[in-house]
Visitor: 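Here you go, one structure.
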Amino acid sequence: MLGRSYTVLRNTSGAKGAFEKAMALKPGEIEPKLNYLGAVVSETDLNGSAPLPNALIKTSAEILKLAPEQPEALFVRGLNAFKAGDGAAARKDWTTARATAQGALAVDLDRRLKALK
């Protein structure tokens, strides 16, 4: 709850800290991990050439262990593969994510998949 309040206030640092605490208290739950992933994504230049932050890669891997077809985590793993030059792995993850993604994520996935072709 505190993390979401920080998110609304656009206090990404506070949100990440609150979500990190929630992940530590509930390591087997996906929701705190998804919230943390969202906070880190919000401060990351996804279109830049820099590699993704390790926290983003690690958290997406933890989410995919709990929910192998979770679209946000698949998006991140695919983006990491794309930035590493593995277009085939990116396409696979993004195509799987697109099957259940909604809203802005679905639009972004469509754009990225189209650019891969």
Side-chain angles (χ1 to χ4, degrees):
M1 196 98 169
L2 180 60
R4 288 189 183 137
S5 296
Y6 281 128
T7 300
V8 169
L9 295 172
R10 299 188 191 275
N11 180 342
T12 306
S13 178
K16 287 185 344 186
F19 294 138
E20 285 171 336
K21 288 179 184 176
M23 289 189 308
L25 290 171
K26 300 178 179 186
E29 290 191 23
I30 195 169
E31 199 63 33
K33 294 175 188 338
L34 283 171
N35 289 327
Y36 180 76
L37 188 79
V40 176
V41 163
S42 74
E43 66 178 14
T44 302
D45 179 7
L46 301 178
N47 297 314
S49 61
L52 295 177
N54 287 335
L56 200 54
I57 297 165
K58 180 183 175 205
T59 304
S60 68
E62 290 173 5
I63 291 168
L64 290 170
K65 285 179 187 175
L66 298 171
E69 295 192 7
Q70 207 294 321
E72 287 87 357
L74 284 168
F75 168 74
V76 170
R77 187 172 73 183
L79 185 57
N80 189 49
F82 178 78
K83 285 178 175 265
D86 190 347
R91 180 179 290 110
K92 181 181 179 209
D93 283 341
W94 290 344
T95 300
T96 303
R98 182 58 189 96
T100 57
Q102 299 177 355
L105 179 59
V107 172
D108 195 17
L109 286 164
D110 285 341
R111 179 181 62 84
R112 291 175 188 277
L113 283 165
K114 185 176 180 182
L116 276 178
K117 296 180 181 183

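Numbers here simply count residues along the sequence, with the first being 1.
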Visitor: If I compare all heavy atoms of Ala101 with all of Ala106, which pair ends up nearest, and what's the gap?
Guide: O-CB, 3.7 Å

Visitor: Got Asp86 and Asn80 here, is their nearest side-chain heavy-atom distance under 4.5 Å?
Guide: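 Side chain of Asp86 against side chain of Asn80, heavy atoms only: no contact under 4.5 Å found.
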
Visitor: Taking atom CG of Asp45 as the centre, does the number of heavy atoms from other residues, nucleotides or ligands within less than 6.0 Å exceed 12?
Guide: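 Correct, the count exceeds 12.
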
Visitor: If you count the non-hydrogen atoms of other residues, nucleotides and ligands that lie under 6.0 Å from NZ in Lys92, is the total more than 12?
Guide: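 No, not enclosed.
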
Visitor: To the nearest 0.5 Å, what is the distance between CG on Leu56 and CZ on Arg77?
Guide: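 Reported to 0.5 Å precision, the distance equals 13.0 Å.
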
Visitor: Please examine the side chains of Trp94 and Leu116, heavy atoms only from C-beta on, and report whether any two atoms are closer than 4.5 Å.
Guide: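 Sidechains of Trp94 and Leu116: in contact.
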
Visitor: Can you give me the closest heavy-atom contact between Ala73 and Leu37, atom names plus distance?
Guide: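 What the structure gives for the nearest pair is N-CD2, 4.1 Å.
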
Visitor: Could you see if Leu64 belongs to whatever hydrophobic cluster contains Ile57? Use Ile, Leu, Val, Met, Phe, Trp, Tyr and a side-chain cutoff under 4.5 Å.
Guide: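 Different hydrophobic clusters.
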
Visitor: Nearest 0.5 Å, what's the OG-CD distance between Ser60 and Glu72?
Guide: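 Result: 11.5 Å between the selected atoms.
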
Visitor: Does any non-hydrogen side-chain atom of Lys33 lie less than 4.5 Å from one of Leu66?
Guide: yes

Visitor: Can you hop from Leu74 to Leu105 via hydrophobic side chains spaced under 4.5 Å?
Guide: no

Visitor: To check you understand the geometry: which heavy-atom pair defines the closest contact between Gly78 and Ala90, and what is its length?
Guide: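 Shortest heavy-atom contact: O-CB, 3.3 Å.
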
Visitor: Scan residues 98-113 for pairs that pass salt bridge (Lys or Arg N to Asp or Glu O under 4.0 Å), counting only residues two or more places apart or in two chains.
Guide: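 Of all non-adjacent pairs touching residues 98-113, those that pass salt bridge (Lys or Arg N to Asp or Glu O under 4.0 Å) are Arg98-Asp110, Asp108-Arg111, Asp108-Arg112.
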
Visitor: For Arg91, what residues pass the side-chain hydrogen bond (donor to acceptor under 3.5 Å, both in side chains) criterion, not counting sequence neighbours?
Guide: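 Partners of Arg91 under the side-chain hydrogen bond (donor to acceptor under 3.5 Å, both in side chains) test: none.
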
Visitor: With rounding to the nearest 0.5 Å, note down the distance linking CZ in Phe82 to CG in Asp93.
Guide: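 The CZ atom of Phe82 sits 13.5 Å away from the CG atom of Asp93.
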
Visitor: Report yes if some heavy atom in the side chain of Leu34 is under 4.5 Å from a heavy atom in the side chain of Gln70; otherwise report no.
Guide: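 Answer yes - side chains close enough.
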
Visitor: Tell me, do Thr59 and Val40 make a side-chain contact under 4.5 Å, heavy atoms counted?
Guide: no

Visitor: Quick check on the hydrophobic clustering: are Ile30 and Val76 connected, directly or via other members, by side-chain heavy-atom contacts under 4.5 Å?
Guide: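 Yes, one cluster joins them.
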
Visitor: As an exercise, state the distance from CG of Leu79 to CG of Leu52, rounded to the nearest 0.5 Å.
Guide: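 The CG atom of Leu52 is 4.5 Å from CG of Leu79, to the nearest 0.5 Å.
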
